[in-house]
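Each chain gets a letter, A, B and so on, in the order the sequences are listed, and its residues count up from 1.
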2 protein chains.
Amino acid sequence: MRWEPGTPRRLQEAALRLFATRGFEQTTAGDIADAAGVTERTFYRHFTDKREVLFFGQESLLDAFLTGVTSAPAAASPLEIVAAALHSAASFFPDERRSFARTRASIIEHNPALQEREQHKLSNIAAQVATALRERGVAEPAATLAAQTGSTVFHIAFAQWIKPGEHRELADIAADVFAQLETLISAPA
Amino acid sequence: MRWEPGTPRRLQEAALRLFATRGFEQTTAGDIADAAGVTERTFYRHFTDKREVLFFGQESLLDAFLTGVTSAPAAASPLEIVAAALHSAASFFPDERRSFARTRASIIEHNPALQEREQHKLSNIAAQVATALRERGVAEPAATLAAQTGSTVFHIAFAQWIKPGEHRELADIAADVFAQLETLISAPA
DNA sequence: GTCTATAGTGCGATAGAC
DNA sequence: GTCTATCGCACTATAGAC
């Protein structure tokens with residue numbers, strides 16, 4: 001075999017290591033490629049830009065959300081559908097991933113450009129969930145409202161999930177946050 | 001006088017014109033600088049990067065949100081505070097700005113990198129509103145939840161405000177969307 | 001794989017305002 | 001004289017074109 005398999009994975013691992021030690025800006029695409037034993041050109045064949053290497057493997061998160069939407073019972077309210085999507089998405093972050101997620105989050109936290117990309121990805125997921133809701137007959141602006149709200153809950157729950165000392169499962173945290181949202185909005189002033 | 005005043009404004013106007021006709025990627029920082037009668041280096045003294053030129057003048061939007069938060073009555077619920085912030089922010093987009101907002105939005109719509117920046121700005125505002133809520137005694141995760149929800153409502157309302165044929169004021173649209181959110185979440189399944 | 005345009009930074013020089 | 005905006009040039013890294 002001419003190349004080692006799993007080049008994207010190796011690039012991601014190398015990138016994570018280098019970003020964590022040296023910082024994102026202080027690491028060039030060439031550095032990452034070298035560490036993974038390929039050329040800079042190869043790095044850019046796998047990732048459209050330097051930031052994208054941190055998002056490898058996240059494609060299936062969207063699928064998880066969408067599967068949750070489509071598999072919700074026909075009688076479910078928009079909010080119930082979103083809750084189902086949230087639950088489905090949460091199962092894509094089992095406890096084994098927590099350590100990786102923490103390292104990754106700390107890298108992103110220290111770089112605005114990476115935060116932009118992360119928010120954009122999440123925003124895209126929300127937009128697709130909104131589309132899926134519309135396909136289930138939910139009208140606008142309810143569809144976008146529900147999808148964005150779900151994205152917000154997910155984001156908050158995820159941030160809690162990776163906090164030091166936190167051991168609960170993501171799905172449980174998400175359910176808690178979701179309940180708090182309902183209290184917040186439904187509660188009388 | 002050696003330099004014309006208002007260099008940032010002129011750069012923004014030139015950029016808007018060029019981006020709208022030629023496209024964002026097809027316009028170099030040098031092109032914009034030339035059109036505004038300065039050098040490329042001067043462009044970068046006013047804006048940290050090429051995208052930032054589209055966000056000049058938006059600094060005060062954050063202030064509007066924050067003013068809304070702090071000026072809400074002491075007895076207001078988190079959601080009522082957010083509604084006040086929303087109303088305050090809406091007043092920063094009088095009808096005269098609609099045309100500019102439409103041009104700007106159409107440029108951003110056609111470029112992912114600009115969408116990232118836009119989302120990041122909005123996300124920053126939400127984060128600061130959350131901080132302001134915390135300073136008013138709202139606990140987490142309610143503060144972040146309320147702030148993010150407000151940001152979502154604003155975003156949806158703004159998108160509607162700039163739609164062709166839409167003539168209502170932003171504040172009215174925002175109030176509508178806000179009401180829909182309450183229905184969506186409080187409604188029984 | 002190589003070649004190149006462009007983004008973005010660092011720094012010294014200059015020109016006017018005060 | 002100081003302060004600030006501009007210029008001009010050299011430079012690296014990204015990312016796309018060939």
For atom [atom1] of [X] and atom [atom2] of [N], their distance in whole Å:
X        : N       : atom1 : atom2 : answer
Arg41(B) : dC11(C) : CZ    : P     : 11 Å
Leu11(B) : dC7(D)  : CG    : C1'   : 14 Å
Glu40(B) : dA7(C)  : CD    : P     : 6 Å

Under-4.0 Å salt bridge between Glu118(A) and Arg104(A):
yes
Listed by chain and number, what are the ring-ring contact (aromatic ring centres under 6.0 Å, His included) partners of Phe178(B), not counting sequence neighbours?
none
Taking only residues two or more places apart in sequence or in another chain, which ones pass ring-ring contact (aromatic ring centres under 6.0 Å, His included) with Phe93(A)?
Phe158(A), Trp161(A)
Show me, pair by pair, the donor-acceptor contacts under 3.5 angstrom made by side chains of residues 15-22 of chain A, not counting sequence neighbours?
| unit_1 | atom_1 | unit_2 | atom_2 | d |
| --- | --- | --- | --- | --- |
| Thr21(A) | OG1 | Arg17(A) | O | 3.1 |
| Thr21(A) | OG1 | Leu18(A) | O | 3.1 |
| Arg22(A) | NH1 | Asp31(A) | OD2 | 2.8 |

Partners of Glu140(A) by salt bridge (charged side-chain N to carboxylate O under 4.0 Å, His left out), sequence neighbours excluded?
Arg134(A)
In numerical order, the residues of residues 42-58 of chain B whose heavy atoms come under 4.0 Å of DNA chain D are Thr42(B), Arg45(B), His46(B)
Tell me which residues in residues 21-39 of chain A put a heavy atom below 4.0 Å from DNA chain D, sorted by number, or none.
Thr27(A), Thr28(A), Ala29(A)
Take Ile125(B) and Leu66(B) through the side-chain contact (heavy atoms from CB on, under 4.5 Å) test and state the conclusion after the steps.
CA-CA 9 Å; Ile125(B) 290 177; Leu66(B) 259 24; over 6 Å; no
Could you check whether Phe55(B) and Phe47(B) have their ring centres less than 6.0 Å apart?
no
Glu116(B) side chain to Gln119(A) side chain, donor-acceptor N/O pair below 3.5 angstrom:
no
